[in-house]
Every structure is written in C-alpha cells, then in structure tokens.
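The structure under discussion appears below in the form of structure tokens.
Start at 1 and go down the list; that is how both ligands and their atoms are numbered.
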Amino acid sequence: MKTILTGIKPTGDVHLGNYLGAIRPGLKLAHSTKAQSLLFIADYHCLTSMHKASELSQATRHVAASWLACGLNTQKTIIYKQSDVPEIFELSWILSCFTPKGFMNRAHAYKAKQSTNKEDGKADLDSGVNMGLFNYPVLMSADILMFNATDVPVGEDQAQHVEFARDIAQKFNNNYGDTLVLPKPILSGQKLIPGLDGRKMSKSYKNTIPLFCEDKKFRKLIMKIKTDSLPPEAPKDIKNSTIFDLYKEFATDSEVLKLKAHFESGIGWGEAKQVLFEKLQEYFLPHRQKYNELMSHPDELDKILLSGAEKARQLAKPLLKNIKKVIGVG
Ligand code: ADP
Ligand code: TRP
C-alpha cells in the first residue's frame with residue numbers, strides 16, 4: 001500500500017505560491033487516494049536557523065492552522081509536529097551511521113551556505129554552519145523512512161533530499177536485508193507562481209502575497225504587482241501577466257475567458273488588479289474564517305497536533321522496534 005508523506009518547515013507566512021504549489025495539490029492527492037497520508041510540521045528542521053522560542057512556536061501553529069484551514073481532513077491525513085514523535089530522532093542517529101559524509105557535503109543547502117561564505121571572502125567556508133544544518137538530510141531521511149513512506153511530495157529543491165533517503169535506505173538494506181521502504185519524490189508539476197516582482201514568489205525574495213493577512217494589506221499587495229506602463233486602452237498580453245497567471249488559478253473557465261477578452265480589448269492595470277483582488281477575497285473567505293478560528297484557540301490546535309502525533313507514534317513504534325532488532329540493539 002502507498003504511504004504519502006510530506007513535511008513543511010515553519011518559516012514565515014504561508015503564501016499564494018505555497019498554496020498553489022504545495023497545499024492545493026497536496027490535499028488533492030491525499031483526498032483522492034486510498035493511500036495512508038501523513039503531513040507534519042518540521043519544527044526541529046527549523047531549529048537549525050530559528051533560535052527564538054516564541055517565533056518557532058508561533059510559526060509552527062501558523063503552518064498547521066493554514067493547512068487545516070485550507071481543508072486538510074484529519075480523518076484522512078495524520079497531521080503532527082515532528083518534535084512530538086521521538087522515534088524519528090532515534091532513527092535519525094541510526095541512519096547517520098549509514099550515511100557517507102560525502103552525501104552531506106553534496107547537500108544543496110550546505111553547499112549554498114559554503115558558496116555564500118566564499119563570496120563573502122570568509123576564510124572558513126563552514127562559518128555559520130551548525131551540525132543541524134549539516135545533518136539536515138539525515139533527519140529528513142528519518143522523517144520519511146520512519147513511516148515506510150513510498151511517495152514524498154516536495155518542491156524541486158527538495159528532490160535531492162528524498163534521493164538521499166532512498167540511497168541511505170538502500171545502504172541499510174544492503175547490510176541487513178530488506179527492512180526500509182525506498183521512497184520516491186513526487187513533484188507537483190505545478191509551474192512556479194510569480195511573485196510581486198515577477199520572479200518566483202518566495203519568502204527569500206520578499207515578494208510574496210500571504211494567504212492570511214488583513215484585507216487592507218492584502219489589497220495593497222495585489223495593487224503592488226509589477227506591470228508594464230501601457231495605458232489602459234492598450235491591449236494587454238496575458239502571457240506575461242502575473243495578474244492573469246494568478247487569476248486563472250482561482251476563476252472558472254468562463255471567468256478566465258471573460259478576463260482574457262478584457263485584456264485583449266484593453267484593461268487598466270488598476271482594474272485588472274481589483275478583479276484579481278475580488279476573486280481571491282471570495283475564494284479565500286472560508287479559509288480565512290477557519291484560520292482565524294484555529295489561531296484564536298491555540299489549545300485546540302495543539303490538541304489536534306498531539307492527537308496526530310499519537311497516531312503517528314502508533315505507526316512508528318513497531319517499525320522502530322523491528323529496526324532495532326535488525327541492527328542488534330533491540
Ligand atoms: P519559499 O520559497 O517561500 O521559502 P518553501 O521553500 O517553503 O517556499 O516552499 C514550500 C512549498 O511551496 C514547496 O513545495 C514549494 O515547491 C512550494 N512553492 C513555494 N513557492 C512556490 C511558487 N512560487 N510557485 C509554486 N510553488 C511554490
Ligand atoms: N526539507 C523540507 C523543506 O525544506 C521539509 C521537510 C522536512 C520534508 N522533512 C521532510 C519534506 C520529509 C518531505 C519529507 O521544504
């Protein structure tokens with residue numbers, strides 16, 4: 001049987017790119033199959049860089065509430081906080097003993113940090129690298145292998161990590177016989193959603209439109225989307241328009257055709273942005289109500305996560321027990 005598992009790092013506000021690239025396709029996948037599905041908030045992964053307690057706990061709740069508000073069904077998908085499942089960390093150590101150091105040297109987040117250090121002229125290329133960052137892919141492998149996950153939906157940048165999990169599992173199995181299930185990355189196929197400045201929408205570029213923010217701020221951000229300086233009456237190209245790209249993700253086919261015609265006959269950018277704003281407001285109204293409700297009852301939210309962790313542990317415990325027996329410590 002298939003097991004679909006993915007993890008979300010609680011870093012900053014969930015935005016439209018995350019919604020279209022991860023949340024919507026992720027929920028569709030989870031709800032449309034009979035497979036077991038698990039989703040967790042990777043709070044310990046975040047600890048590699050986030051060292052403020054209140055920020056970490058707030059960001060963790062924010063991400064959990066966002067997925068729940070967007071329709072995650074807790075009857076179909078087990079949702080939990082990584083830090084609530086100690087079995088993962090025990091497995092992480094075991095796996096680290098099967099992970100060639102060279103794998104970690106090649107991990108892209110570590111390499112990126114090293115090249116920033118080089119560009120900054122630092123003599124120590126490992127400056128600012130803690131062991132959490134270096135070992136990040138081992139912990140991610142444990143997240144995946146702890147649940148016999150077969151399918152791991154991730155953004156393209158994370159596919160390498162899933163391949164590491166597969167390679168590490170293979171090394172383990174080569175030594176002890178078939179024990180760990182080999183996972184594969186599942187890419188959403190969703191094209192990258194542009195941000196306010198036309199580049200990929202990303203927290204790192206500070207060009208995002210957050211899903212859950214005040215109406216006024218939300219409208220202001222939509223009005224900031226970069227456009228050309230054509231006058232209102234000039235025909236507009238739908239191909240190079242962030243406004244159109246976003247609109248078509250949320251509107252019906254006939255609404256899309258209508259806006260396309262309007263673009264072709266000439267539309268002012270202010271008006272086009274207003275049309276997009278209203279569409280998004282309408283689409284996200286129920287999500288926002290649910291989000292606000294969850295965030296204003298943090299105890300309830302924590303209970304949902306704890307109950308998910310209990311279910312996850314029930315799955316993890318027998319698997320870990322078997323792994324320990326196989327390696328000779330159980
Ligand atoms: P960010 O780039 O803002 O830090 P993350 O790396 O946390 O976003 O991405 C979380 C998930 O959202 C990943 O599955 C990623 O592929 C998806 N995602 C992020 N930005 C976009 C985007 N602009 N378009 C489509 N998917 C995106
Ligand atoms: N590293 C992933 C990211 O940055 C988050 C993550 C942690 C994850 N553990 C995972 C994703 C396990 C999939 C499976 O987005």
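- Taking CG from Leu27 and CG from Leu39, the interatomic distance works out to 8.0 Å, rounded to the nearest 0.5 Å.
- Which parts of ligand 2 touch Val152 is read off a 4.0 Å heavy-atom cut-off, strictly below it: atoms 13 (C), 14 (C).
- Residue-ligand proximity: Leu20 is placed with every non-hydrogen atom at 4.0 Å or more from ligand 1.
- Side chain to side chain, Gln274 and Glu278 meet the donor-acceptor criterion of an N or O pair below 3.5 Å.
- Atoms of ligand 2 found under 4.0 Å from any heavy atom of Lys9, numbered from 1 in the order shown, are 4 (O).
- In terms of protein heavy atoms, atom 27 (C) of ligand 1 is closest to Gly17 O, 3.3 Å.
- The shortest side-chain heavy-atom distance between Ile8 and Phe40 does not fall under the 4.5 Å cut-off.
- When hydrogens are left out, the protein atom nearest atom 11 (C) of ligand 1 is Ala22 CB, 3.7 Å; that is the closest non-hydrogen contact.
- Note: Phe263 and Trp269 have perpendicular aromatic rings, judged against thresholds of 30 and 60 degrees for the angle between ring planes.
- With hydrogens left out, the protein atom closest to atom 4 (O) of ligand 2 is Tyr136 OH, 3.1 Å, a heavy atom.
- A heavy-atom distance below 4.5 Å is not found between the side chains of Thr6 and Ile186.
- Across the listed options Val63, Asn207, Asn18, Val14, Asn18 owns the non-hydrogen atom lying nearest to atom 10 (C) of ligand 1.
- Taking the six-membered ring where the residue is Trp, Tyr291 and His62 present perpendicular rings, their angle passing 60° and hence far from 30°.
- In the hydrophobic clustering of ILVMFWY residues, with side-chain heavy atoms under 4.5 Å counting as a link, Ile23 and Ile79 come out together.
- Within the structure, the closest approach of Lys200 to ligand 1 falls below 4.0 Å when heavy atoms are considered.
- The same ILVMFWY cluster, assembled from side-chain heavy atoms under 4.5 Å apart, contains both Phe89 and Val85.
- Using bins of under 30°, 30° to 60° and over 60° for the plane-to-plane angle, the ring pair Tyr19/Tyr283 lands in the perpendicular bin.
- Heavy atoms of Glu156 come nearer than 4.0 angstrom to ligand 1 in no pair at all.
- Checked by distance only, ligand 1 and His15 come closer than 3.5 Å through their nitrogen or oxygen atoms.
- Which of Met146, Gln158, His161, His45 comes nearest to atom 15 (O) of ligand 2 through a heavy atom is settled by distance: it is Gln158.
- Protein heavy atoms are found inside the 4.0 Å sphere centred on atom 14 (O) of ligand 1.
- Residue contacts with ligand 2, taken as heavy atom pairs separated by less than 4.0 Å, involve Ile144 solely via side-chain atoms from C-beta onward.
- For atom 9 (N) of ligand 2, the closest heavy atom belonging to the protein is Asp143 OD2, 2.7 Å.
- Smallest separation of non-hydrogen atoms from Asp215 and Arg288: OD1-NH1, 3.9 Å.
- The residue among Lys206, Met201, Lys203 with a heavy atom at the shortest distance from atom 1 (P) of ligand 1 is Lys203.
- Within ligand 1, the atoms closer than 4.0 Å to a non-hydrogen atom of Gly21 are 25 (C), 26 (N), numbered from 1 in the order shown.
- Within the listing of ligand 2, atoms 7 (C) sit less than 4.0 angstrom from a heavy atom of Ala42.
- With Phe134 as the aromatic partner, Arg106 does not meet the cation-pi criteria of under 6.0 angstrom to the ring centre and within 45 degrees of the ring axis.
- For atom 5 (C) of ligand 2, the closest non-hydrogen atom on the protein side is Gly7 O, 3.5 Å.
- Ring planes of His45 and Tyr136: tilted class, angle from 30 to 60°.
- Distance check, rounded to the nearest 0.5 Å: CG of Leu221 to CZ of Phe218 gives 8.0 Å.
- Closest protein heavy atom to atom 6 (O) of ligand 1: Asp157 OD2, 4.5 Å.
- Summary of contacts: the protein heavy atom closest to atom 16 (O) of ligand 1 is Gly155 CA, 3.2 Å.
- Under 4.0 Å from ligand 2, not a single heavy atom of Val162 appears.
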One pair to check against salt bridge (Lys or Arg N to Asp or Glu O under 4.0 Å): Asp151 and Lys2. What are the steps and the verdict? CA-CA 7 Å; Asp151 295 46; Lys2 262 213 259 191; 3.6 Å; yes
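- Atom CG of Asp253 sits in a sparse spot, with 12 or fewer heavy atoms from other residues, nucleotides or ligands closer than 6.0 Å.
- Closest protein heavy atom to atom 24 (N) of ligand 1: Ile193 N, 2.8 Å.
- Closest protein heavy atom to atom 2 (O) of ligand 1: Ser202 OG, 2.8 Å.
- Residue Ser204 places no N or O, backbone or side chain, under 3.5 Å from any N or O of ligand 1.
- With a heavy-atom cut-off of 4.0 Å, Gln158 does not touch ligand 1 at all.
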